[in-house]
Number of protein chains: 2
Amino acid sequence: MLASASVSYSPCGPSALTVQPMAVLRPRPVFFHASDTEIYAQGEKSGSLYRIEYGAVRIYRLLTDGRRQVVAFHMQGETFGFEAYGFRSFYAEAIVPTGLTPVEAEGSEPHRSDLMALALRSMIRAQEHLLVVGRQSALEKLAVFLLDLDHQQGDDGIIDLPMTRTDIGDYLGMTIETVSRSMSKLREKGIVRLKNTRCIEILRRDKLQAISE
Amino acid sequence: MLASASVSYSPCGPSALTVQPMAVLRPRPVFFHASDTEIYAQGEKSGSLYRIEYGAVRIYRLLTDGRRQVVAFHMQGETFGFEAYGFRSFYAEAIVPTGLTPVEAEGSEPHRSDLMALALRSMIRAQEHLLVVGRQSALEKLAVFLLDLDHQQGDDGIIDLPMTRTDIGDYLGMTIETVSRSMSKLREKGIVRLKNTRCIEILRRDKLQAISE
DNA sequence: CGGCTAATTGATAGCGTTCAAAGCAAGTGG
DNA sequence: CCACTTGCTTTGAACGCTATCAATTAGCCG
């Protein structure tokens, strides 16, 4: 499916709809994915990389009993879809209505070295995520998560959460209830304010950073 | 420091010393690192990659309060040291007496694409590790760890553990006591046998795999 | 407004951590 | 050769954080 113009849900903005100019400016076709639809599945033959024009994507893996680990969230402007063995090692799904443009893995020498840099940053990010998931408490994890997300969105202290609490829990290695309780704790301490469940304002960045270590 | 021939400690073998031919066959110098010595430190300017001729290496990161997350163990034949931002994001230390040869990041086109493949596999490995650390119980974690290590060492059911229990705990996101208790549980169930603390024999691979999911 | 899903809150239980002590293996020096 | 030291590992007991189960509440869309 192709979209010549696009729309994104932003629970933080004054309006619910924002037109994204990227789609019309790019020469490449933009493929549209509705919320909670699969972009690729674990085990599939590897395809191309994707650049996110608008929207958000979750990358995850499942255990046989249904336990899920979200290994990454990708937002507007990011490129994802690296694979190592000729097949997809993870699932990718759109979290909200999302527009994607395929990126060829082949190309000129500078293009390839860009890809190498991207792959390396993905690796470092995964390894840093390990530290959070493996060695931090629930409150610390959530603090790190909120600061990361705020940073991705321009460090303005207004965080738009496109993902559910379940997604956050599966990303941080904790249950939805613990995510919720930790969020309430940050609210009760006056560190954040919830404009609504999907939009959070950081009131005391210093305290949030102190908690995150 | 250079070594023209090398020796490795193998608590599993009949002899305590095994000569590794790699060092003398390779044209490149082999740099020697004693146990628990630093290969590079977090924050350092990025240097070359290293190939392990013999020995073992841990890659880790620290929190300010001393909590540590080991993100990877690397064994003989593996290449490590990928970095993304011009500086080292992690610490690397020799776990046992270790011989390393530097690998140039530059080179011919096929060489570079080999490096890309290596980097991508490291990324997948880190992301798979997330699933273990984030979503599995202590016993499951240890089962996965032992099966992984056995696979790295030839799937013969005899596992040589060059690292301490502290290393294992920091790798799996649990305390040394829980590692020890989980190991005892596997022993009591007749799934593994401890020839000594650093050498483990898998008696019931089927049960170990069932536990690991 | 009703019906649905997501999120919050509460009560309880269990797993893993923490603190503490004892066991074990290897190395040192008398 | 054996007592002693040292560092690592194992085991024990108690606590606490997070998961689990359950009940509301909030938010969204018709």
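Letters go in sequence order (proteins before strands), and every chain restarts at 1.
- Between B:Tyr91 and B:Tyr60, the ring-plane angle classifies as parallel under the 30° and 60° cut-offs.
- Across all strands shown, B:Thr164 has heavy atoms under 4.0 Å from sugar-phosphate atoms exclusively, and none from any base.
- Looking at B:Arg68 and B:Asp167, a side-chain N of the basic residue comes within less than 4.0 Å of a carboxylate O on the acidic one, giving a salt bridge.
- With a cutoff of under 4.0 Å to any heavy atom of chain A, the contacted region of DNA chain C is bounded 5' to 3' by C:dA6 to C:dA11.
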* Start with the C-alpha distance between A:Glu128 and B:Arg61, add both sets of side-chain angles, then the distance that settles salt bridge (Lys or Arg N to Asp or Glu O under 4.0 Å), and finish with yes or no. => CA-CA 8 Å; A:Glu128 286 176 344; B:Arg61 194 165 190 152; 2.6 Å; yes
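- Residues A:Ser184 and A:Arg187 have side chains that bring a donor and an acceptor to within less than 3.5 angstrom of each other.
- The distance from atom CD1 of A:Ile176 to atom P of D:dT18 is 17 Å, rounded to the nearest whole Å.
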Could you pull out the protein-nucleic contacts involving nucleotides 23-27 of chain D (nitrogen or oxygen on both sides, under 3.5 Å)?
none

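- Atom CD of A:Glu83 sits about 5.0 Å away from atom OH of A:Tyr40, to the nearest 0.5 Å.
- Residue A:Glu177 places its side chain closer to D:dT20 than to any other of D:dA19, D:dT10, D:dT20.
- Comparing D:dT18, D:dT11, D:dT9 against the side chain of A:Thr178 picks out D:dT18 as the nearest.
- Look at CD on A:Gln136: it is 11 Å from P on D:dT18, rounded to the nearest Å.
- Within the nucleic acid shown, B:Met183 has no heavy atom closer than 4.0 Å to any nucleic acid atom.
- At least one side-chain nitrogen or oxygen of B:Arg187 sits closer than 4.0 Å to the OP1 or OP2 atom of D:dT11.
- Along DNA chain D, the nucleotide nearest to A:Leu139 and the one nearest to B:Met163 differ in position, and the one closer to the 5' end is contacted by B:Met163.
- With axes fitted over five pairs at each extremity, the angle between the ends of the helix from C:dC1-D:dG30 to C:dG30-D:dC1 is 30° (10° resolution).
- In this structure a side-chain-to-backbone donor-acceptor pair under 3.5 Å is present from A:Gln153 to A:Asp160.
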* A:Arg205 vs A:Asp150, salt bridge (Lys or Arg N to Asp or Glu O under 4.0 Å): CA-CA, chis, key distance, verdict -> CA-CA 10 Å; A:Arg205 184 182 298 272; A:Asp150 185 46; 2.7 Å; yes
* Asked: Hey, mind stepping through B:Glu78 and B:Arg125 against salt bridge (Lys or Arg N to Asp or Glu O under 4.0 Å) and telling me if it holds?
  -> CA-CA 13 Å; B:Glu78 296 185 306; B:Arg125 203 161 148 177; 3.0 Å; yes
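- Remark: the backbone N or O of A:Asp170 is not paired with any side-chain donor or acceptor of A:Arg67 at under 3.5 angstrom.
- Residues B:Lys185 and A:Arg181 each lie close to DNA chain C; by heavy-atom proximity, the contact nearer the 5' end of the strand is made by A:Arg181.
- In terms of modelled atom types and a separation under 3.5 Å, the side chain of B:Lys207 and the main chain of B:Ile191 share no donor-acceptor contact.
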* Apply salt bridge (Lys or Arg N to Asp or Glu O under 4.0 Å) to A:Glu213 and A:Arg135, showing your working. => CA-CA 11 Å; A:Glu213 285 295 89; A:Arg135 302 270 80 166; over 6 Å; no
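- Across the protein-nucleic acid pair, A:Arg165 atom CZ and D:dA19 atom P stand 16 Å apart, rounded to whole Å.
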